[in-house]
Amino acid sequence: MAIKFGRPIEVREPALRPSAPSLDLTVRPRRNRKTEWARRLVRENVLTTDDLIWPMFVIDGDNKRAPINSMPGVERLSIDQVVRAAERAAKLDIPCIALFPYTEPSLRDEEGTEATNADNLVCRTVRAIKKEFPELGVLCDVALDPFTSHGHDGLIQDGRILNDETVAVLVKQSLVQAEAGCDVIAPSDMMDGRIGAIREALDAAGFLDVQIMAYAAKYASAFYGPFRDAIGSAKALTGDKRTYQMDPANTDEAIREVELDLAEGADMVMVKPGMPYLDIVRRVKETFAVPTFAYQVSGEYAMIAAAANNGWLDGDRAMLESLLAFKRAGADGVLTYFAPQAAEKLKKLT
Ligand SMILES: NCc1[nH]cc(CCC(=O)O)c1CC(=O)O
Ligand SMILES: [Mg+2]
């Protein structure tokens, strides 16, 4: 009889074990999963704060934060509030933030003129951030959709998106952003030849160190819906973007697009959307071995956030698992609206 704290305890019958004899297995993969330390030891991929780019939406005004219904937890911020968010990013050690403007309908026109205004909302935001946090990376999207009355990324004539004429405007847009202090120019428009044209113009203007992250394989996706609400182009958009964004059915085409953007001078390439396109991330990384990013887009964020808010998913776990999946697929980093939450969570884990 065993004695514990001076009291006899009953020695129970051993628990019933399954009567089957041990399998004759030499290899038992579960051994490497038996404890947390063992799992850590064999872990192949890790997510760190260094992998995160935080996209933000900017609105005009002062001390304003406006919710986006289709992106619970994400707000459009006035410049002063973006600067506060930039401070949060810097404190969390997030390397880079990305800026997307909401443009008042009165400032939108057929040509997206506001895109090339050196004093537009994005340029003013970049200057305000750089003044306080010069060490924080700032990425600016290049495309006309936040500025056009029709919501398309390029100029339109007779219902067709003009390629070369659009590229000329994108070049000007890139230059005003670089002039404002933007570190990374990220063309998301999918016009042909824009990377080469932008690189040439940046170099000619002396912006030799301004990087280009090409949205190289960007698909015509339903997952951009909440983003279009956020920048106010959802209602404006006529038709769809299938004559310039890629067909979701294609994968070889992604390789050709990435190859061209690299040849034209892209420093980094991106695949977008993210989670439904991890096969593309993997192929791009294996084919070119260059810095490869994925964009976990608004619709992907919305799915996880909505399910979490309904109690249908453990939001934090689903978030971290989805971000780790990008690393496993070969991505060097992820643009994600979860960036601040993920960085906070990762800080606690280490
Ligand atoms: N060219 C603009 C642009 N830049 C990033 C996104 C989508 C980002 C997101 O959904 O989070 C889009 C939308 C689009 O192409 O319609
Ligand atoms: Mg292309």
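The model shown is predicted, which means the values in this text are computed figures rather than measured ones. Just follow the structure's listing: the first ligand is 1, and inside any ligand the first atom is 1.
Between Lys348 and Glu344, no side-chain nitrogen of the basic residue sits less than 4.0 Å from a carboxylate oxygen of the acidic one, so the salt-bridge criterion is not met. Salt-bridge annotation for Arg39 and Glu36: present, with a side-chain N of the basic residue lying under 4.0 Å from a carboxylate O of the acidic one. Using a 4.0 Å cut-off between a side-chain N of Lys or Arg and a carboxylate O of Asp or Glu, Asp252 and Arg256 do not qualify as a salt bridge. Between Asp145 and Arg228 there is no salt bridge, since none of the side-chain N atoms of the basic residue sits less than 4.0 Å from a carboxylate O of the acidic one.
Between the side chains of Asn63 and Gln81, at least one donor N or O sits under 3.5 Å from an acceptor N or O. Side-chain contact check for Asp141 and Tyr215: at least one donor-acceptor pair (N or O, by modelled atom type) lies under 3.5 Å. For the 3.5 Å distance criterion, the side chains of Thr148 and Arg108 fail to qualify, holding no donor opposite an acceptor.
Nearest non-hydrogen protein atom to atom 10 (O) of ligand 1 is Ser298 OG, 2.7 Å. In this structure, atom 6 (C) of ligand 1 lies nearest to the protein heavy atom Lys272 NZ, 2.5 Å. Protein heavy atom in closest approach to atom 14 (C) of ligand 1: Lys241 NZ, 3.3 Å. With hydrogens left out, the protein atom closest to atom 8 (C) of ligand 1 is Phe227 CD1, 3.3 Å, a heavy atom.
Contact atoms of ligand 1 toward Ser188: 1 (N), 2 (C), 3 (C), 4 (N) (distance under 4.0 Å to a heavy atom of the residue). Under a 4.0 Å criterion applied to the non-hydrogen atoms of Asp145, ligand 1 contributes the atoms 1 (N), 2 (C), 3 (C).
Contacts with ligand 1 closer than 4.0 Å are made by side-chain heavy atoms of Asp141 only, the backbone lying farther away. Contact annotation for Asp153 and ligand 1: only side-chain heavy atoms (C-beta onward) come within less than 4.0 Å of the ligand. Only the side chain of Tyr295 comes within contact range of ligand 1, with a heavy atom under 4.0 Å; no backbone atom does. Within the 4.0 Å heavy-atom criterion, the part of Ala143 lying near ligand 1 is the side chain and not the backbone.
Within the set Lys218, Gln296, Arg228, the minimum heavy-atom distance to atom 15 (O) of ligand 1 is found for Lys218. Nearest residue to atom 11 (O) of ligand 1 from Phe57, Tyr337, Phe100 is Tyr337 (criterion: closest heavy atom).
Atom CZ of Arg40 has 12 or fewer heavy atoms from other residues, nucleotides or ligands within 6.0 Å. For CD of Glu87, the number of neighbouring non-hydrogen atoms (other residues, nucleotides, ligands) closer than 6.0 Å is greater than 12. Residue Glu253 qualifies as enclosed at atom CD: its count of foreign heavy atoms under 6.0 Å is above 12.
At under 3.5 Å, a nitrogen or oxygen of Gln245, whether backbone or side chain, sits near a nitrogen or oxygen of ligand 1.
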What do the steps show when you test Asp240 against Arg242 for salt bridge (charged side-chain N to carboxylate O under 4.0 Å, His left out), and what is the final call?
CA-CA 6 Å; Asp240 58 54; Arg242 286 184 294 176; 3.1 Å; yes
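Of all protein N, O or S atoms, those under 2.8 Å from the Mg ion (ligand 2) number 1.
The aromatic rings of Tyr337 and Phe57 sit parallel to each other, their planes meeting at less than 30°, with 60° as the upper class boundary.
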